[in-house]
Amino acid sequence: MLRQAQHDTDVLRQAQHDTDDADAASTRVTLSLSKGSLSKGSLSKGVSVLIWTTTPWTLPANVAIALRADAAYGLYELDGEGLVLATALAPSALGERFAEATLLATTTGEHLDGLFARHPFLDRDSAIVLADYVDLETGTGAVHTAPGHGADDFETGIKYDLPILNPVNASGHFTDEAGPYAGQFIFKANKQIVEDLRASGRLWRAHEYEHSYPHCWRCHNPVIFRATAQWFIAMDQNRLRARAIESAEAVAYTPEWGETRLKQMLENHPEWCISRQRTWGTPIPALVCTGCGESVLDAHVARNAAKRFAQEGAGVWWSDPVETYLPDGFACPNCGKHAFEKEKNIVDIWFESGVTHFAVLGKDGIPWPSDLVLEGGDQYRGWFRSSLVTAVAVKNAAPYKRVVKNGWVNDEHGRPMSKSKGTGIDAKDAMDKWGADVLRLWAASVEFVDDVRFGPNVVEQVSRVYRNIRNRIRFMLSNLDDFGAADVVSRAEMQPLDTLACSVVDAFVADVKAFYDAYDIHGAYLRIVEFESTMSSLYFDALKDPLYSRAENDARRRSAQSALLYALQRFLTAVAPVLSFTAEEAWQEIPAALRGEEASVFDSSFAAADIDRKALDADLALWEELRSLRSQVAGSPNVRDFEAKVRIAAGSGLHKRLAHLGDNLREALVVSECELVESASIESDAATLEITNADGEKCRRCWKFRHLGSDAEHPSLCGDCAAVVRAL
RNA sequence: GGGCCAUUAGCUCAGCUGGUUAGAGCGCAUGCUUGAUAAGCAUGAGGUCCCUGGUUCGAACCCAGGAUGGCCCA
């Protein structure tokens, strides 16, 4: 099978972005109409079609002229010669001589389809064909068509069953097929061809024309298109394409539109060319019959090669005699002869990466298919597609359960990082500078599915969030200092505020796990930040009073510490995938006796003890009610914290829930006194607050405002504190 | 030129199937605290939700067109 030669996918792709404007000879050439006819009338010199090209070296491969079906074409008489070209382009194409031309007849492209013109210097006809890519912006509306030297031309050649001529060898020199130009380097032949055309009177005009031409992105030399024989995977045989699309539907996608994208790539992908002309790579274990020239790909030969390659490496293909790979009595399926040469093409590296799942998965305890494949968005067309096609061809299933696409990392202004512009940041340098966990947290803080920005300011911002989290962890750890395994209180025995906090922790862990499960790392990040911040402002603040002012072994205090231990461990578990080093460091700081059986945070499980969802939701609702009350108290303009006493008049429903908290309600509001009364005139779930100055004076030990001096020895302490101090 | 995607406070982002004054964290300002202290708490100022039309009682969200940026193609 012939195809449009792709020297290298990357080269071609880059070439489009790397087209240098180059001065090139642009020529208008006339091809005489040889068969069929337009109105010849008195045209002594015959009728020609005027074509236009910037690459005269492709003229030896010309086999057709493409017209646009619906475009108007005119027959112009000039100096006794008939010229056919698009009427819309005649003024620009004929230039100053347009005024002298006489329009003899007009028709549309479709009426000229099937006529033949005569090649300007070779002894053959050039078919007049139709193509929809013919534009009426430049040229003559009659497009020189060389199927061996261009993708569009190739397609047209296939459609019209035209010969695909490639009279250029791999080194860019003309072959014998190019007639008089055989042996010449194509770019040097350009000038000669133009000269010859001029001499033979077939050149209408030549001039310098500035246009863009593809160049190699690496060596910057101009590249050319040559149609050569290649190996393909036939996408439409055995319903391969259709089955691949079906398999793609069974896969999950992050983001979800990835499914559309991947299916689109499968739908539109041309026959998959898997051969390359390189000497470094995995050889295609095919044979070429020296008798008939047929390429032969045989399963037995391929298996012999696979065995040999496994032992010696693929390089032996080049040094082994061909007989090494021939099964006994092997004959050419085409001509029956027995003499072969080895194929010289190698397998495209894209094909090799597309089969890595066979090499890596399904062995050594690693399952096939994989849980997910993660790559940048360019890989919908690349690896996501190639892996899927090879897997479907062999196993009729996708090699992954989910496709996750990530965006690109740009600099702080959203521009691509560039080493030469000094905007590039090396990952290693960033890690040394800011620390691995800050980088991890940054990765979670951005929406990785989209393009993201990275730079000192962005990292600085996230490192402040990191410090916050670290401080919460330190707070929890430091308050477990005097806490032993024997002091741990079971959840059932904890005080109401503490069991409530445990519920909030459970909900948090469950949420974060759900985010991770959905690969929504950013969602997990948001939840973590929100959690650590509200835990700190609501719960930790409330715990300071019991933790600091109660006696070491006081039941209230031990309950709080038990909840803190629980919260800390669950928090570290939840945070470990993102803040791995910090979580493990903190985990190791927990006294071994308290840590339980899990020596490492990575041994701990996300699974929570049986969660009663209904009870949990009730707890969460009450937590929110507490938050609301607390913010009303804390936001009170004149009196705050322990200076205040609060009188809460609550409706029956809320009253019942708050009453259950006992003195924990006062703690949660961080005030010295809290009075709760039920009010029939208030809606069941509502409350009104009355915040006034607390009675008494500030106790020097617990800071609460109380009546001091009940213990004569400690006149500046409240009764509770005096009792604690006495017991020391 | 085509397909897909993105665009919400200074920054990083939430806003489910359209429904009261668009939210969070960080930053910023102000106050409190000084027993998490190179910490903690509170309050506040910041938004024509890219633009223009349309549908609707009602649009950040739906539709059409456009702008800017990205990816893949032609």
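Note that these values count all heavy atoms, side chains included, but never hydrogens, waters or copies made by symmetry. Below, read A as the first sequence line, B as the second, and so on, with proteins coming before strands; counting in each chain starts at 1.
A donor-acceptor contact under 3.5 Å links the side chain of A:Ser536 to the base of B:A36. One cannot find a donor-acceptor pair under 3.5 Å joining the base of B:C73 and the side-chain atoms of A:Arg381. Side-chain N/O atoms of A:Gln461 and base N/O atoms of B:C11 include a donor-acceptor pair closer than 3.5 Å.
Here the nucleotide nearest the side chain of A:Ser537, chosen from B:C26, B:C41, B:U43, is B:C41. Checked against B:U37, B:C13, B:A36, the side chain of A:Phe475 finds its nearest nucleotide in B:A36. Side-chain atoms of A:Trp703 lie closest to B:G35 of the nucleotides B:C4, B:G35, B:G27. Minimum atom distance to the side chain of A:Trp408 is reached by B:G70, of the listed B:G70, B:C13, B:C41. Of the candidate nucleotides B:C71, B:U43, B:C13, B:C13 has the atom nearest to the side chain of A:Leu526. When distances are taken from the side chain of A:Lys698 to each of B:C72, B:U34, B:C13, the shortest belongs to B:U34. For A:Arg261, whose side chain is taken as the heavy atoms from C-beta onward, the closest listed nucleotide among B:A36, B:C13, B:G3 is B:G3. Distances were taken from every side-chain heavy atom of A:Val529 (C-beta onward) to each of B:G25, B:G40, B:U12; the shortest belongs to B:G25. Listed nucleotides: B:U43, B:G25, B:C72. Nearest to the side chain of A:Ser533: B:G25.
Rounding to whole angstrom units, CG of residue A:Asn410 and C1' of B:G69 are separated by 10 Å. Between A:Arg527 atom CZ and B:C13 atom C1' there is a gap of 16 Å when expressed in whole angstrom units.
The C1' atoms of B:A6 and B:G19 are separated by 27 Å, rounded to the nearest whole Å.
Using N1 to N3 plus N6-O4 or O6-N4 for Watson-Crick, or N1-O2 and O6-N3 for G-U wobble, each under 3.5 Å, B:C28 pairs with B:G44. Shown here, B:G35 forms no base pair; nothing in the strands shown gives a Watson-Crick or G-U wobble contact with both key distances under 3.5 Å. With a cut-off of 3.5 Å on both Watson-Crick or G-U wobble distances, the partner of B:G65 is given as B:C51. Pair assignment for B:C4: B:G70, on the basis of Watson-Crick or G-U wobble contacts that are both within less than 3.5 Å.
Taking a centre distance below 5.5 Å and an interplanar angle below 30 degrees as the stacking criterion, A:Tyr525 does not stack against the six-membered base ring of B:G25.
The closest donor-acceptor contact from the side chain of A:Glu412 to the backbone of A:Asn457 lies under 3.5 Å.
Between A:Tyr466 and B:C26 there is no side-chain N or O to OP1 or OP2 distance below 4.0 Å.
With a 4.5 Å cut-off on side-chain heavy atoms, A:Leu689 and A:Arg647 do not count as touching.
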